[in-house]
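Single-structure report; data block below.
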4 protein chains.
Amino acid sequence: MTDTPKWRRRKEARPSDICTAALQVFAEKGFAGARIEEIARRAGLSKGGVYLYFPTKEALFRAVVRDAVAPNIEAIRQSVLATPLPFADLVRMLLPQVAAIITTVPLGAVLKMVVGESRNFPELAKVWHDDVVLKAVGILSGAIEQAQARGEVRPGDPRIHAFSLIGPMLLGVLWRETFTPVGAAEVDLPTIARQHADTVLEGLLTAENKG
Amino acid sequence: MTDTPKWRRRKEARPSDICTAALQVFAEKGFAGARIEEIARRAGLSKGGVYLYFPTKEALFRAVVRDAVAPNIEAIRQSVLATPLPFADLVRMLLPQVAAIITTVPLGAVLKMVVGESRNFPELAKVWHDDVVLKAVGILSGAIEQAQARGEVRPGDPRIHAFSLIGPMLLGVLWRETFTPVGAAEVDLPTIARQHADTVLEGLLTAENKG
Amino acid sequence: MTDTPKWRRRKEARPSDICTAALQVFAEKGFAGARIEEIARRAGLSKGGVYLYFPTKEALFRAVVRDAVAPNIEAIRQSVLATPLPFADLVRMLLPQVAAIITTVPLGAVLKMVVGESRNFPELAKVWHDDVVLKAVGILSGAIEQAQARGEVRPGDPRIHAFSLIGPMLLGVLWRETFTPVGAAEVDLPTIARQHADTVLEGLLTAENKG
Amino acid sequence: MTDTPKWRRRKEARPSDICTAALQVFAEKGFAGARIEEIARRAGLSKGGVYLYFPTKEALFRAVVRDAVAPNIEAIRQSVLATPLPFADLVRMLLPQVAAIITTVPLGAVLKMVVGESRNFPELAKVWHDDVVLKAVGILSGAIEQAQARGEVRPGDPRIHAFSLIGPMLLGVLWRETFTPVGAAEVDLPTIARQHADTVLEGLLTAENKG
DNA sequence: AATGAATGAGGATTCATTCAT
DNA sequence: CATGAATGAATCCTCATTCAT
């Protein structure tokens, strides 16, 4: 068996260890508030050690945010493969999946960072916009457009429809990141996903109350 | 003529001038990234002058965020006075009003600050949660509950229904704050408000596609 | 009657009011630690007002210290007029008088200032040395020398004899300024003066124990 | 050879190097007037380096003063071991020893600091009072009391007798610290010690002039 | 003569980054 | 590779001093 010794595996995992630690600290403190030393401590090496893998704090920040991009693009792409489904089924599958991803991956934290530091790091906002948001919205509104063409979905700007679908999920994430730690009620993302899918598909009004 | 000397008129307006400038800079740079000197310059006085009105940078930050709270609570309360309307009418009135408020007041900027610095200033997150968010959500879900009791609105957790109503507006705001400056398509909040109101009330699906 | 209105008397008394306040604050905080604003407050005028009478903080400090010199030289000169007395009587009169002066005038405070800031304000140390200390020591050792010539006082360096006379009084003052405020036992300067006069004149040893 | 790297040897000596430099600067400039940068320069490192060993300027000041306490308590205790001697011998041994200690250790400088900053750092005055002054005075007046019981020493408050013994030494120290640098005559502490011991033991008056 | 708002140089402190070991 | 002592630029904050009123 090619059995890699622990310390070697460690060495190879270092950049990723550092990124993981950095994500935590950046998410907690913001870019400027994060201390390299704390990142180093959480990653299990010395302050100087971080600089063996990342030339500057900014570079580390960029790496953290960019690294969070790639896997999520993939996740989205996966979901898109299911597109041939009826639109309702797609939504009822997609929203819980988004909830699951967000619950697993610290996507909320990254989102907070991108939003919070967008003025200081516009390129990161751009990367996220171009690689994540635009793609996600594009896929969604594409699916919506097709569904509209098939007569499944009511008319209206597909992009805004996409907002209607995604917005509440986003609100749930930010709520969890921001308000739950200071005593707000817990929010259960999967529950939100399910109920919101129903709501947005069928409408809030009861049949007898519709125009 | 009751002629007030120039510098005296200045003095009274100073705290508010400084808050306005500080809001801009904090929103652009985050708390730690903001330089007191830049706030001072934009407010039209010297570095030291800021300290005549606010004892520390933190105190200034708190003042900025808190000051953004009061007027908005009022705005929300106003909207609530219209509650006796049918739920659909309420929503079709409320969402555009939210859009209008957000477009006028730099609420997006404050929101970004509260979210971004929630770990560093939990008390601000708490104030916002207690005084703004909880109140807004409470009012909304209250109205929803009543509408459910009247049979106007479908069953389901009223708080999640509130998320369904508000989430897309929030997404619009953050989009505008974060992605539009880096080249993303403009979003028109009033348009979103209108279309989303329709969507969430009636549902995305066409009549013949509903369960 | 030349009756000066109160506010006019005030005006003329201002410099002295300020010096009195400044002495307190300088004595409490040291030169660098003293705030002009606090001196102004205690003197009953505004910060800017101090600058109508003293061009800089240093000038004020110098004034405070110099002002404390003149009257004390006088006091010493007065005591010297009694020189024709036998030495023992002189000492038994002088030490309690020193105690009285020190207890009345805040000489301890000034002394602390001169000692503490002697490196920062060498000229003040020099003024004090030349005008106060040297004179006082000169007068004392002069008297001692004469008494030695008359065979009243034992041989030995007259200046050191002067130290023997004055040192314990000084220790009493510094003790009162420094240690009493932090819980040390009170010291009673007049009592010290009396007992030390006896001691230094007659010696600590009993007759049968002397060489 | 056990060869310690240069910078490691440095590291261990640093706190003490810094304290030594700080003592000089504090003694010269007072607490507020002392510049961390100058202390650093004299200790041979950079401004920031000081903060690797002391968290604040105040902490450094406290360390400097406290560090001066411990060794002196020891010195005092040593002197006490000689107590069984006749009182006259004890004094004739003690005063020169005090002179020697003061001449060697920068005790005068520390004393100046404690006195000058006693209002700003009352706890340091307290530490000095409790650990140094009280102990020293206690030992001395204890010895005096015993000597009085043996009939060696004349009656009188033993604490004031202690002042009579020590005061002139203190005056000598302050003189040297304060006035010698501005042109005053040098004082020789050992000489003062010797002559004052004689004076205080035997009295200033000649036999035929005593009561 | 007096006020007190305003200034800005100065100094303590922090922390990203470097580099000798 | 890794460490952690050291650096020094950057920033908050203070306060002596000025000056319009």
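Just so it is clear, the model here is predicted, and its values are computed rather than measured. Numbers restart at 1 for each chain; the letters A, B, ... are given by sequence-line order, proteins then strands.
Residue A:L52 places its side chain closer to F:dA2 than to any other of F:dC12, F:dT17, F:dA2. Of the candidates E:dG11, E:dA6, E:dA9, E:dA9 carries the atom nearest the B:K47 side chain, counting heavy atoms from C-beta on. For D:S46, whose side chain is taken as the heavy atoms from C-beta onward, the closest listed nucleotide among E:dT18, F:dG8, E:dT3 is F:dG8.
Distance CD1 (B:I18) to P (E:dA5): 12 Å, rounded to an integer number of Å. Following rounding to the nearest Å, C:L60 (CG) and F:dT17 (C1') show an atom-to-atom distance of 14 Å. In this structure, CZ of A:F54 is placed 16 Å from C1' of F:dA2, rounded to the nearest angstrom. Rounded to whole Å, the distance from CZ on C:F31 to C1' on F:dA16 is 10 Å. In this structure, C:E37 places its CD atom 15 Å from C1' of F:dT18, rounding to the nearest Å. Atom pair D:L45:CG and F:dG4:P shows a separation of 19 Å (rounding to whole Å applied). The interatomic distance linking B:I36 (CD1) with F:dT14 (P) rounds to 11 Å, in whole Å. Nucleotide E:dT13 holds its P atom 16 Å from the CD atom of D:E38, rounded to whole Å.
The phosphate of E:dA5 (OP1 or OP2) has no side-chain N or O of B:Y53 nearer than 4.0 angstrom. Between C:R35 and F:dA16 there is a side-chain N or O to OP1 or OP2 distance below 4.0 Å. For A:R14 and F:dC1, the shortest distance from a side-chain N or O to OP1 or OP2 is not below 4.0 Å.
Nearest-nucleotide positions on DNA chain E for B:G49 and D:Y51 put B:G49 closer to the 5' end. Taking the nucleotide of DNA chain E with the nearest heavy atom to each of D:E58 and B:V50, the more 5' of the two is matched to B:V50. Along DNA chain F, the nucleotide nearest D:G48 and the nucleotide nearest C:K57 are compared for position; the residue whose nucleotide lies closer to the 5' end is D:G48.
In this structure, the side chain of B:D17 does not engage the main chain of B:A43 through any donor-acceptor pair within 3.5 Å.
With rounding to the nearest 0.5 Å, the separation of CZ in A:R35 from CD1 in A:I39 is 9.5 Å. Within the model, atoms CD of A:E117 and NZ of B:K112 stand 9.0 Å from one another, a figure rounded to the nearest 0.5 Å.
Applying the Watson-Crick and G-U wobble criteria (two distances, each under 3.5 Å), E:dT21 pairs with F:dA2. Base pairing annotation: E:dA9 forms a Watson-Crick or G-U wobble pair with F:dT14, both donor-acceptor distances under 3.5 Å. Nucleotide E:dA1: unpaired (no Watson-Crick or G-U wobble partner with both distances less than 3.5 Å).
Between B:F31 and B:F26, the ring planes lie parallel to each other; the angle is under 30°, not in the 30° to 60° tilted range.
Between A:R42 and A:E28, at least one side-chain N (NZ, or NE/NH1/NH2) sits under 4.0 Å from a carboxylate O, which counts as a salt bridge.
Using a 4.0 Å heavy-atom cutoff across all strands shown, C:A34 reaches sugar-phosphate atoms only and no base atom.
In this structure the side chain of A:V110 reaches within 4.5 angstrom of the side chain of A:W128, judged on heavy atoms.
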